[in-house]
Amino acid sequence: MTESSNSPTPPTWPSPGPDTVIVVGVDVDQRPDVVLEAAGVAARMGAGLVCAWVDSTQVVYGASLDGTRLITPLDPDLATGSSEVLKEQVHRQIADALAGVNVPWRLEQTVGDIASGLTEVAQQWDALMIAIGGRRPGFSGWMNEVIGGSIAGHLVHTQHRAVLVIPGTKDR
């Protein structure tokens, strides 16, 4: 299986793109306030927003002669095409959250470890910072952090960009 290079791009993304970019980590069923807060920061800075979805259900296992990364699901029983379905769902959620927000944005996808994937996208775009949501609430969020560690903590200790951690749901 090879990586798709075509990301759905909304018509608001200028060509060749904004001079300053903020990368925000996005995921299926993520709180919309994470993207909205990152978009607010981007708007105040005159930056574009690159929404980075890291599909952690797949990994890179090599590269073809032309440099295209070869990827495969971690679970061999994973349905073919499920990644594209999830990517479209993530795109719809972002589009809904940012409807009416005057910030250029686009969706980028990569695979593997989430912190490494966010760092990779930030490097590709020479991003000013990486924004991510805080730990998911509840027992499962706590267990993920205990077992795998904090994504924010990993980012802070492994790359040179500023990391903005957007806290839990706001009272509105």
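Given the structure is predicted, the values throughout are model-derived calculations rather than measurements.
By the side chain to side chain donor-acceptor pair (under 3.5 Å) test, Ser116 pairs with Asp113, sequence neighbours left out. With sequence neighbours excluded, the residues that form a side chain to side chain contact (heavy atoms under 4.5 Å, CB included) with Val156 are Val163. Under the salt bridge (charged side-chain N to carboxylate O under 4.0 Å, His left out) criterion, Asp126 pairs with Arg161, sequence neighbours left out. For Asp66, the side chain to side chain donor-acceptor pair (under 3.5 Å) test picks out Ser64, Thr68, with sequence neighbours left out.
Going from atom CD1 of Ile94 over to atom CD of Gln89 covers 11.0 Å, rounded to the nearest 0.5 Å. To the nearest 0.5 Å, atom CG of residue Leu98 and atom CD of residue Gln93 are 11.5 Å apart. Between Leu128 atom CG and Leu164 atom CG the span is 11.0 Å, to the nearest 0.5 Å. Distance check, rounded to the nearest 0.5 Å: NE2 of His160 to CG of Leu155 gives 12.5 Å. Here Glu120 contributes atom CD and Gln124 contributes atom CD; the two are 5.0 Å apart, rounded to the nearest 0.5 Å.
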Please output the side-chain donor-acceptor pairs of residues 42-55 that fall under 3.5 Å, not counting sequence neighbours, one pair per line with the distance.
unit_1	atom_1	unit_2	atom_2	d
Arg44	NH1	Gly40	O	3.3
Asp55	OD1	Thr57	N	3.0
Asp55	OD1	Thr57	OG1	2.5
Asp55	OD2	Gln58	NE2	2.7
Asp55	OD2	Ser83	OG	2.6

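Between the side chains of Thr119 and Gln159, no donor-acceptor pair is found at a separation under 3.5 Å.
Taking both residues in full, the closest heavy atoms of Ile114 and Ser56 are given as CG1-CB, 4.2 Å, listed atom of the first, atom of the second, then distance. The shortest heavy-atom contact between Ile22 and Ala131 is CG2-CB, 4.5 Å. Here the shortest heavy-atom pairing between Ala38 and Ile166 reads N-CD1, 3.9 Å.
Residue pairs that meet the ring-ring contact (aromatic ring centres under 6.0 Å, His included) test with at least one member in residues 106-132, sequence neighbours left out, are Trp13-Trp125.
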*asked:* Could you walk me through whether Arg31 and Val34 satisfy the side chain to side chain contact (heavy atoms under 4.5 Å, CB included) test, starting with their C-alpha distance in whole Å, then the side-chain angles of each, then the deciding distance to 0.1 Å, before giving a yes or no?
replied: CA-CA 6 Å; Arg31 304 182 328 258; Val34 171; 3.3 Å; yes
*Kindly indicate, with the supporting measurements, whether the criterion side chain to side chain contact (heavy atoms under 4.5 Å, CB included) is fulfilled by Asp29 and Asp27.*
CA-CA 6 Å; Asp29 299 327; Asp27 198 4; over 6 Å; no
*Evaluate the side chain to side chain contact (heavy atoms under 4.5 Å, CB included) criterion for residues Met129 and Val23: first the C-alpha distance (whole Å), next the side-chain angles of each, then the deciding distance (0.1 Å), finally the verdict.*
CA-CA 6 Å; Met129 76 173 61; Val23 168; over 6 Å; no
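Two residues are said to be in side-chain contact when any heavy atoms from C-beta on lie closer than 4.5 Å; Leu118 and Ile132 meet this criterion.
Heavy atoms of other residues, nucleotides or ligands lying less than 6.0 angstrom from CG of Asp96 number more than 12.
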